[in-house]
Amino acid sequence: MYVDVVLPGIWWHPLTYAVSEPVEAGCRVVVPMGPRHGKRVGFVLATKENIEDEADYEIKEIIKVLDQTSVLSWELWSLSEWVSRQYLCSQGEILKLMCPSSITKGCEVTDISPSPQKPAHSFYSEECIYEIDDEERYKRYIDTIENVGSGLILFPEEAVAKSFWDRLPKEIQERALLWPSGGGKKTFDAWLRARRKEVSLVIGSVGALFAPLAPIELVLIEEEASYSYTFVRYPYLSLRHIAAKRAQMWGSRLIFGGRIPSSRLYLLKRPQLKRNVRDQIQFANIRTSTKPILPRIIPELPISSMLLKNSLEVINRGEVVIWILDRKGYAGEISCEECGWTMTCPECGSFCRISQGETMCFFCGRKSEIPTVCPSCMSRLLVGRRPGIEALYEIARALVGDAAPTCKWYKEKSGKKLRASMLKELEHGGIIVGSRLSLSFCDDCPVGLVGWIDADAEARRPQYDARFAAFSMIWESRFRGKNTDKRKVIVQSRRPYRGWQKGLRLGWQLFWDEELKERYELNFPPFNLLIEMTGPSKVIEEVFSLLDKSGFAVYKPIADEAQLWIKTKEIKVLRELLEPYFHISRSKIGFPKARIWRD
């Protein structure tokens, strides 16, 4: 007798092992794998009496059966199969994401109840709640939650989930669970509580997506257009898409909500903005703005008189100002005015930026001293270009002096302790200079002004959805968190109130109507799937040749890089063609990896 076992690996197929008696699908087993008598924990896919072909290799026996019944419910097990097909990855990798690390390491679980079956009668429905006022939107969510027995409530950020939890009536909190972040014992305990049906509601950030609730009557996805629902590590999943599938599988009520819809939801549902926002975002022309002089920086960083004046007014009344610039460091690159030489990393060849008094490579993080002379022409006319957050910080400090605190906030300079310290420092107003991550402070303190220093740069990223990323962030900065009735947003631009920026005053219907026209002409999502494939050069060349011959719209965005872009409406045929490239026998050659954009 044999079992097919799914293991956490990049290959798509199960591995076959011998077993003395049948094992239920979904049970964990310990199997021999790898050199030096290695062991791995896998999940049984199926038991079979015989194998189809005579094996020309030794079939090893499983070492131990860990469970008597499936660890996962029918719904999560079926979901893992569906996700692997939809996202061109292995079921084993999805099962590893679904389960707490203790489960995939083989811990003993003796109190798991039998997997509940799908209800006989279910009525799946979809609806939208798009409301720019957080309090109004949250009130509608709470009214909905009060009338359901069980549900999964997802938020894009942990802090926002906690803020919503604090608003819940006590009677809802008593039957609910705020999902912990970070993994470990707390997450495992939460997983077990949900599995034992000790709670009927799970509320949390994206980490709560695979909470083993059963059954599920409601799935609510707050800020469904947020990029936080895109998994940043391989396999690259759309967690919003998977949450919607869970609702479909249970036949539950699915609610999409937020301040702005994604492209796919707008295309399918056409939700309408019911509030006039014409005068709530202001624009300033960078070309006519003041250019404070910064040592050895060109071109200067423009700061409009409108932004300076309003910033001082907000600080003087004891509120917080946020200046946003998504460029790290003091300057984005170092170059020579005499010969045009630009400094690159000697190890990886990437551009170097000036940060905290030294140079740092964008790609590998290598640090070195700032050069004093050009190595090409020996000139001392070295300058920094594309000023960043550190340069902007110096301007902010010069503006307020010692009258108010000035703080920095971006990914590398963040954390719970620093955040608590900053909030205390900003109790009576001040300036936060940072990346778009700074917007989270709108939840915790009275932000009276948000200034976007270079809105054009936000929309210049080399991605098809760059304009929406810029639009949604600026839109969020106006309506997120506390003090929104008094808050101003000032957008500095070289072409103020033109193109995609018109929608910031007239509403996201105008933005999406224009944006979707262009995407339709170019066959971009949501009208087609856009798939990026990367991997070893030889493998990518083989895949490119195969897909090109098979009639797929496939091209290389950069000629000499191991990267492909594929446009398609259907994933099934593509998966069938790619399957041979994900066999375990190709481990030494390497595997391609796929990232899929749906909207």
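Model, not experiment: these values are computed from the prediction.
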For the pair Tyr266 (side chain) and Ile260 (backbone), establish whether a donor and an acceptor sit closer than 3.5 Å, ignoring hydrogens and angles.
no
Who are the ring-ring contact (aromatic ring centres under 6.0 Å, His included) partners of Tyr141, not counting sequence neighbours?
none
Heavy-atom neighbours of Gln68 CD exceed 12 at 6.0 Å
no
Taking 4.0 angstrom as the limit, do Arg137 and Glu131 come out as a salt bridge?
no
Lys/Arg-Asp/Glu bridge criterion (N-O < 4.0 Å) met for Lys572, Glu570
no
Can you tell me how far the CH2 atom of Trp409 sits from the CD1 atom of Ile432, to the nearest 0.5 Å?
8.5 Å
What pairs meet the salt bridge (Lys or Arg N to Asp or Glu O under 4.0 Å) rule with one or both residues in residues 172-188, with sequence neighbours excluded?
Lys185-Asp189
Under 6.0 Å from the ring centre and within 45 degrees of the ring axis: does the NZ or CZ of Arg598 meet both conditions for the six-membered ring of Tyr87?
yes
Answer yes or no: is there a donor N or O on one side and an acceptor on the other, between the side chain of Asp67 and the main chain of Thr69, under 3.5 Å?
no
OG (Ser205) and NZ (Lys162) are apart, to the nearest 0.5 Å, by 13.0 Å
Any salt bridge linking Asp134 with Arg259? Criterion: basic side-chain nitrogen under 4.0 Å from a carboxylate oxygen.
yes
Test: Glu157 and Arg480 ion pair at under 4.0 Å
yes
Are the side chain of Ser163 and the backbone N or O of Val160 linked by a donor-acceptor pair below 3.5 Å?
no
Are Lys593 and Glu93 within salt-bridge range, i.e. N to O under 4.0 Å?
no
Identify the two heavy atoms, one from Pro235 and one from Ile94, that lie closest to each other, and give their separation to 0.1 Å.
CG-CD1, 4.0 Å
Minimum heavy-atom distance between Val539 and Gly590, given as atom pair plus value
CG2-O, 3.7 Å
Glu217, Glu126, Glu127 screened by salt bridge (charged side-chain N to carboxylate O under 4.0 Å, His left out) with Arg253, the one that passes:
Glu127
salt_bridge(Arg436, Glu458) N-O dist < 4.0 Å
yes
Do Asp143 and Lys139 sit within salt-bridge range, that is, some charged N less than 4.0 Å from a carboxylate O?
yes
Scan residues 4-13 for pairs that pass side chain to side chain donor-acceptor pair (under 3.5 Å), counting only residues two or more places apart or in two chains.
Asp4-Thr16, Asp4-Lys48
Check for a donor-acceptor pair, side chain of Arg246 on one end and backbone N or O of Leu79 on the other, with a separation under 3.5 Å.
no
Which pair of heavy atoms, one from Thr534 and one from Ile540, lies closest together, and at what distance?
C-CD1, 3.5 Å
Looking at CG of Leu72 and SG of Cys99, how far apart are the two atoms once the value is rounded to the nearest 0.5 Å?
4.5 Å
Rounded to the nearest 0.5 Å, what's the gap from CG on Leu426 to SG on Cys407? Could you check?
4.5 Å
